[in-house]
Amino acid sequence: MSQSGKKVLHIDEHPYYGGESASISPLEELYKKFKVPGGPAKSMGRGKEWNIDLIPKFFLANGELVKILVHTEVTRYVDFKVVEGSYVYKAGKVHKVPGSEEEAHTSDLMGMFDKRRFRKLLLFAQNFDVRDPRTYQDVDPNKMTTRDLFCRFDLGLDVMEFTGHAIALHNSESYLDQPCGETIRRIRLYSDSLSRATSSPYLYPVYGLGELPQGFARLSAEYGGTFLLNRAVDELVMDNGKVKAVKSEGKLFHCKQLICDPSYVPNRVRKVGRVIRVICLLNHPVKNTHEASSCQIIIPQTQLHRKSDIYISVVSYTHNVASDGMYIATVSTTAETSNPEKEVQPGLVLLEPIMQKFVSVSKILVPNEDGKKSQIFVSRSYDALNHFEAECEDIKDMYRRITGAELCFGGPQRHRSHNSDED
């Protein structure tokens, strides 16, 4: 918005950037936030060496968020490291996810015949181009279901499971009876991301996700954006159903449009679910991950007779988010019962022994309306997934509603900036 010549004022009720997805530092602050008595043990090192994400997520190296960061040039302010491994849980054990032909060949997730069939599917997805029917091989991406696609390649149930959940990153089984085009796109995205990052398809910022909102804040400031942190929002001033101003600590800030997260407008959102997240501090790598200093582990819901997957993200001192030799693992899932902590137990068992854990259960909130009438545009809450693809769809959808235009990433950056100056 700042880049396209709009006057932007950013008011935040928190003393830090990032809202509910902030990185907390020092470590003592995390203990305070979760009301854990006693504070961190001496063996955890210096508190200021820690940056702990409240909602950790990884970036797919070829995914939408990386495109947005490159497009806006926020990459100037943020450094990334490749996440070391991508794993899937099967029959009580953690296995490496085969995302390439070479990995498929050595994978212990499949027998010899399944490996051949899986490689054929990978090759098909990598060569598939929705604009070129010659790449379809008699597969209609808009009509054939994913279940039928998997049957066409004669994949066994085990292969279908890790392909759907750990490569295509679907969170439930409903995708199997939907058109296969979306799943083919997701398999290709995983493969393309893996070819860019090699050890896994995921990236993660050095110093944690808190670097992102700070990067955007610096970029906005370059284009004239103003920031007020640690500032209460008292009320929204409306005129004929349309937002007119924000009242903060007795002052009125006039605006034509307001963009906010659900916490600022509780009467304009509704609850559609809950997410449980358990942040765990460890002094060791996770078992069966080849001593990886960072990784993602997905527990497909069918393994535990659930409706949604469980995600585990692991980062460590190698990303400058923990003291030397320390790890931060977070287990998250969509809560399905009145005892969500019991639901994530299979994930916590994989992380034992745990030095300290911090449990949060939060509501998933979505806006009641598109905001075009009130000019109040509300984002959705963060989901339980371990990557940003759903949030990117939300960003693009909000951009469309706010500006009436598509958020495009094409063309050279300088040319786009030049247009912004003319706006």
Notebook entry, point to check: So, for F358 and Y31, is the gap between ring centers shorter than 6.0 Å?
Noted result: yes
Item checked: Worked check of salt bridge (Lys or Arg N to Asp or Glu O under 4.0 Å) between R152 and D148 -> CA-CA 6 Å; R152 188 181 187 276; D148 289 341; over 6 Å; no
Notebook entry, point to check: What is the minimum heavy-atom distance between L169 and L385, and which atoms define it?
Noted result: O-CD2, 4.3 Å
Notebook entry, point to check: With distance as the sole criterion, is a donor-acceptor pair present between the side chains of Y207 and N320 under 3.5 Å?
Noted result: yes
Check: Are any non-hydrogen side-chain atoms of E389 and L189 less than 4.5 angstrom apart?
Finding: yes
Next item on the list: Anything under 30° is parallel, anything over 60° is perpendicular, the rest tilted; go ahead and classify Y202 against F58.
Entry: tilted
Check: Does the pair D383 and K57 meet the rule for a salt bridge (Lys or Arg N to Asp or Glu O under 4.0 Å), with working shown?
Finding: CA-CA 10 Å; D383 59 24; K57 284 176 183 269; 2.6 Å; yes
Next item on the list: Search all heavy atoms of M1 against all heavy atoms of T403 and return the closest pair with its distance.
Entry: CE-CG2, 3.9 Å
Check: Counting only heavy atoms not in K287, do more than 12 sit closer than 6.0 Å to its NZ atom?
Finding: yes
Note to self: Is it the case that the side chains of E343 and T337 hold a donor-acceptor pair, with the cut-off being a distance below 3.5 Å and no angle test?
What the structure shows: yes
Check: When the ring planes of F153 and F124 are compared, do they come out parallel, tilted or perpendicular, using 30° and 60° as the limits?
Finding: tilted
Notebook entry, point to check: Should the pair E161-K90 be classified as a salt bridge under the 4.0 Å nitrogen-to-oxygen rule?
Noted result: no
Check: Can you name the closest pair of heavy atoms from M326 and M44 and give their distance?
Finding: CE-CA, 3.7 Å
Check: Between R186 and E182, is there a salt bridge with N-O shorter than 4.0 Å?
Finding: yes
Next item on the list: Determine whether the aromatic ring centres of Y204 and F59 lie less than 6.0 Å apart.
Entry: no
Margin query: Check this for me: does any side-chain nitrogen of one of D234 and K247 sit under 4.0 Å from a carboxylate oxygen of the other?
Written below: no
Checklist line | Distance-minimising heavy-atom pair for L194 and S100 | finding: CD2-N, 3.9 Å
Checklist line | Sole candidate of Y190, F118, F150 that passes ring pair (Phe, Tyr, Trp, His ring centres under 6.0 Å) when paired with F162 | finding: F118
Next item on the list: Would you mind checking if R196 and D192 are paired as a salt bridge, meaning a charged N to carboxylate O distance below 4.0 Å?
Entry: no
Next item on the list: Establish, from distance only, whether the side-chain atoms of S308 and E336 form a donor-acceptor pair under 3.5 Å.
Entry: yes
Next item on the list: Could you tell me whether the side chains of H95 and S107 share a donor-acceptor contact shorter than 3.5 Å?
Entry: no
Next item on the list: Count the heavy atoms of every other residue, nucleotide or ligand shown that sit under 6.0 Å from CZ of F227, and state whether that count exceeds 12.
Entry: yes
Next item on the list: Run the salt-bridge test on E406 and R400 with the 4.0 Å N-O cut-off and return the result as yes or no.
Entry: yes
Check: Can you name the closest pair of heavy atoms from Y175 and H165 and give their distance?
Finding: CE2-NE2, 4.3 Å
